[in-house]
Amino acid sequence: MGDFIRGEISGEITEVPGIGPAAAKKLAESDDQVTNTYQLFGKFLSLKGPDKVDPVEHMEKFWYWLKDQGISAHRSAVVRAIAEKMNSMMNGLYDAEAYGDDDDDDDEEE
């Protein structure tokens with residue numbers, strides 16, 4: 001995860017921790033047709049909405065959006081990776097203290 005947070009973005013969606021080939025296929029076949037990392041960032045930011053949404057609610061919106069796309073494994077890892085990466089660019093989007101140590105225990109198995 002650290003390499004993703006600190007590193008450059010290639011655009012390949014499987015560079016996001018928690019997104020493998022099966023998840024990439026589901027995202028590409030979704031109504032939003034998310035095929036690269038930049039589009040996933042865009043979807044994440046769009047869920048912030050025009051109203052003031054606190055970081056916890058924003059992360060939950062993204063988590064449920066991933067669930068709606070059929071992503072059933074490593075959903076929390078994807079949320080955390082995208083949130084931390086975006087927070088490194090736009091401070092204040094994500095509050096790690098609000099989550100503690102998340103090891104994906106709440107995700108369903110695929």
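No hydrogens, no waters, no symmetry mates; every other heavy atom, side chains included, goes into these values.
Summarising the geometry, atom OG belonging to Ser76 is positioned 11.5 Å from atom CZ belonging to Phe62; distances are rounded to the nearest 0.5 Å. From Arg75, atom CZ reaches atom CG of Leu66 across 7.5 Å, with rounding to the nearest 0.5 Å. The CH2 atom of Trp65 lies 5.0 Å from the OG atom of Ser30; values are rounded to the nearest 0.5 Å. To the nearest 0.5 Å, the span separating NZ on Lys67 from CD on Glu60 amounts to 12.0 Å. Atoms NZ and NE2, on Lys48 and His58 in that order, are 6.0 Å from each other to the nearest 0.5 Å.
Taking every heavy atom of both residues into account, Leu47 and Lys61 meet most closely at O-CD, 3.4 Å. Nearest heavy atoms, Gly70 versus Lys26: O-NZ, 2.9 Å. Across Leu40 and Val16, no two heavy atoms sit closer than the pair CD2-CG2, 4.3 Å. Considering every non-hydrogen atom in both Gly11 and Asn36, the closest pair reads O-CB, 3.0 Å. Shown here for Lys85 and Ile9, the closest heavy-atom pair between the two residues is CE-CD1, 3.5 Å. Taking every heavy atom of both residues into account, Ala83 and Phe44 meet most closely at CA-CZ, 3.9 Å.
Ala24 is linked by a side chain to side chain contact (heavy atoms under 4.5 Å, CB included) to Ile13, Thr14, Ile19, counting only residues two or more places apart in sequence or in another chain. With sequence neighbours left out, the salt bridge (Lys or Arg N to Asp or Glu O under 4.0 Å) criterion links Lys43 to Asp32. For Asp3, the salt bridge (Lys or Arg N to Asp or Glu O under 4.0 Å) test picks out Arg6, with sequence neighbours left out. Shown here are the salt bridge (Lys or Arg N to Asp or Glu O under 4.0 Å) partners of Glu15, two or more places apart in sequence or in another chain: there are none.
Ring geometry, Tyr38 versus Phe41: the interplanar angle exceeds 60°, so the pair is classed perpendicular (tilted spans 30 to 60°).
One hydrophobic cluster, built from ILVMFWY side chains closer than 4.5 Å, cannot hold both Met89 and Val53; they sit in different ones. Under the 4.5 Å side-chain heavy-atom criterion for grouping Ile, Leu, Val, Met, Phe, Trp and Tyr, Tyr64 is connected to Ile82 within one hydrophobic cluster.
At least one side-chain heavy atom of Met86 sits under 4.5 Å from a side-chain heavy atom of Leu45. Side-chain contact between Glu57 and Asp54: present, with at least one pair of heavy atoms (C-beta onward) separated by less than 4.5 Å.
A donor atom on one side chain and an acceptor atom on the other are found under 3.5 Å apart for Thr35 and Gln39.
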